[in-house]
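Remarks on the structure that follows.
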Amino acid sequence: MKKSVFVLSLFSACVFAQNTIPIPDTLTGINISLTMHTDSMSILPGKYSQTLAYNSAFHFLGPTLILNKWQTVNATVTNQIGDTTTLHWHGLHVAPKNDGGPHTQILNGASWYPSFTIMNHASMYWYHPHFMGKTAEQAIKGASGLIIIRDSAEAALTLPRKYGIDDIPLIVKCLQLDSNNQFLPKGMQDSTLLVNGVTNPQFNLPAQVVRLRLLNGSGERTFNFGFTGNKSFYVIGNDGGLLNAPVLTTRIRLSPGERAEVLINLTGMNGQTIYLMSYASELLMGVQGGPTMPMPPGSPPMNSPLDGINFNILKLNVIAQTSNPVTTIPATLIPVTPYPQSQANLTRNITFTADSMMVMDGPFYFNGLSFDMMRIDYRMPLGQTEIWTLFDSTMVAHPFHVHDVQFFVLDRDGNSPPPQEQGWKDVVLVQPNETVRIIMKFTDFTDSTIPYMYHCHILMHEDDGMMGQFEVMPQGWAGIKQVSGNTEQVSVYPNPVNSVFTIQTINSEKIDNISVFDLLGNKVLEIKAINAERVGIDISSLSIGQYFIQAITSRDVVNKKIIKE
Ligand code: C2O
Ligand code: CU
Ligand code: CU
């Protein structure tokens, strides 16, 4: 009898044990080193799950970078995963060559050395891989980490900022594991919830005003965050900075890639327990994680038991106050003024499309086009302000993300966005049949060879081609012609070629710059400052195969294909 009681309690301890969430170690200073490696960890009973992480202290995720506005960062990013990767600083305003998009590959065993100045407002950003076709696999296996930026405006406010004590980073991921406990990056039956990498998570919070920094780091699921009993809280910031003033609410919806900072007042609650929850029953149908849709017969199973229900995410035990607790909520924060619509020089329409109305798992497209590393979708001159009108014609909601900029949401179906969405943003969720207009300005960085990305942050949609790219051109660039296919402006001969080919403009424009790319989009040759109508280029050292030549002239950017034999 005694024995069976013992076995029973051991069993329940295994099943119901709460894990205290780890608070990721921090890195600060100018020199930041991240080494990505393969690892494993125990998530569910049974086999260990194969993971990816940054730096040896981590089996999953990576360190939190704590950086100051205007400081320099000299990073060393080393790849030890046995596969190609890239590292993107999501939300940071950096030059294209430092952005870590799909064109900036880090081969296995190699290091990448980006160097940049922090120009963003105080907020929480994050880093993750961005290698074409493998972003979902690598990020979902754990390759991601946080970036907290501090600045003097934020420092002047009375806000909790003791990292891990009253200022808590929370990386929420929901994943699908197969029967061997291995990650299924494209699985849509995600039901394993991890907070900072652990299941059944709990944390102790002091009985005072506490700041939670939330990242939805999932591949697909949207969370509708709230607390037990609809306890109210204040949203103080979103993706790219603090709001004008705290917004009192009971919900904050975050789609993949979005962040929010909230203040919750736990004063007087010592000894109580509350849960951070997702009120997913309130999400619209079509938002992944929301109520499930009727499925066409024969479709693969796509629903998770968490879809459309309200569930607990993190147990919060309220403990004694710290010394010098923050106990008040500031009345105002940082003045934020959206770009005026009258400043916009251009409106672009981006419609989210699919092969048919019935498609729920992709592929999805922008304006019917799948991503092509060799096609630049948009070019804009430096300093231009643009409105992008996003319309979702599919059955599924898509979190739309733009690199380089922080934008403002102008309206949703013509109505002002909710107050917690009125600050600096870099991801916005667009729901089926909804029109969302965003306004942004392209400043500081130009590059006519490495583009910035815009894409859906549902990682399987991104990997399947729901991505496009843009180049910010030097100020005054006339933007004469759209780019791809505009091949009549130059001639290339001989083609096929085995050593030297000639490229010549037809209308006696001067060629500035020529780049040669292989089929994977890797730049294999670049010649700058040519300033001639005709130039011979020796490619005898390249291996046999097809290449793309990109010629930039004073008026245009022209792509041509060439065969090396
Ligand atoms: Cu979170 Cu293109 O990235
Ligand atoms: Cu990004
Ligand atoms: Cu999508």
Side-chain angles (χ1 to χ4, degrees), residues 62 85-96 98-104 114 116 120 123-136 138-140 143-147 171 173 186 188 215-222 239-240 254-259 286-290 302 350-355 359-367 370-371 373 390-407 424-432 434 436 440 450-470:
T85 192
T86 82
L87 189 135
H88 169 57
W89 320 98
H90 177 128
L92 295 195
H93 178 49
V94 296
N98 295 317
D99 187 53
H103 295 264
T104 312
F116 49 88
N120 288 73
S123 194
M124 187 171 82
Y125 306 84
W126 61 307
Y127 57 90
H128 61 75
H130 218 301
F131 180 42
M132 185 54 207
K134 294 220 172 156
T135 298
Q138 297 182 354
I140 289 187
S144 40
L146 299 174
I147 305 169
I171 305 170
K173 285 184 186 255
K186 301 198 170 181
M188 296 175 73
L215 161 66
N216 181 353
S218 303
E220 54 170 295
R221 174 174 299 271
T222 291
D239 303 336
L254 295 181
S255 63
E258 285 186 292
R259 290 88 67 206
V287 176
Q288 294 204 39
M302 287 196 277
I350 302 181
T351 298
F352 307 172
T353 60
D355 291 325
V359 170
M360 283 191 272
D361 56 348
F364 297 101
Y365 314 107
F366 294 130
N367 297 332
S370 190
F371 179 64
M373 279 186 69
L390 312 170
F391 172 66
D392 183 9
S393 79
T394 77
M395 287 178 76
V396 180
H398 303 273
F400 185 82
H401 171 50
V402 189
H403 288 210
D404 180 30
V405 298
Q406 290 288 328
F407 55 74
W424 298 100
K425 295 281 297 161
D426 57 50
V427 179
V428 65
L429 186 68
V430 186
Q431 303 179 99
E434 189 182 28
V436 175
M440 70 207 90
I450 304 175
Y452 290 113
M453 303 293 127
Y454 57 92
H455 58 90
C456 177
H457 223 289
I458 289 180
L459 300 177
M460 67 184 270
H461 298 178
E462 173 192 338
D463 280 341
D464 283 348
M466 197 177 188
M467 178 150 72
Q469 43 192 6
F470 63 95

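Below, each value reflects all heavy atoms present in this structure, side chains not excepted, and no hydrogens, waters or symmetry copies. In each ligand, atom 1 is the first atom listed, and ligand 1 is the first ligand listed. Just so it is clear, the structure is predicted and the values come from calculations on it, not from any experiment. Positions are given from 1, in the same order as the sequence printed here.
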Original post:
Closest N/O/S atom of H128 to atom 1 (Cu) of ligand 1, by atom name?
Top reply: NE2

Original post:
Just how far is it from atom CG of L459 to atom NE2 of H130, taken to the nearest 0.5 Å?
Top reply: 9.0 Å

Subject >> Where the Cu ion (ligand 3) is the vertex, angle from H461 ND1 to H398 ND1 to 10° >> reply: 100°

**OP:** Indicate yes or no for a side-chain donor-acceptor contact from R259 to the backbone of D239 under 3.5 Å, with no hydrogens or angles considered.
**Re:** yes

Original post:
Between the Cu ion (ligand 3) and C456, is there an N, O or S atom separated by less than 2.8 Å?
Top reply: yes

**OP:** Among H457, H403, H455, find the one that has a ring-ring contact (aromatic ring centres under 6.0 Å, His included) with H88.
**Re:** H403

Original post:
Is it the case that H103 and Q469 place a side-chain donor and acceptor less than 3.5 Å from each other?
Top reply: yes

Original post:
Got F352 and C456 here, is their nearest side-chain heavy-atom distance under 4.5 Å?
Top reply: no

Original post:
In terms of side-chain geometry, is the basic nitrogen of K186 or E220 positioned less than 4.0 Å from the acidic oxygen of its partner?
Top reply: no

**OP:** Keeping the roles fixed (side chain from N367, backbone from T351), state whether a donor-acceptor pair exists under 3.5 Å.
**Re:** yes

**OP:** Keeping waters out of it, list the protein N, O or S atoms under 2.8 Å from atom 2 (Cu) of ligand 1.
**Re:** H130 NE2, H403 NE2, H455 NE2

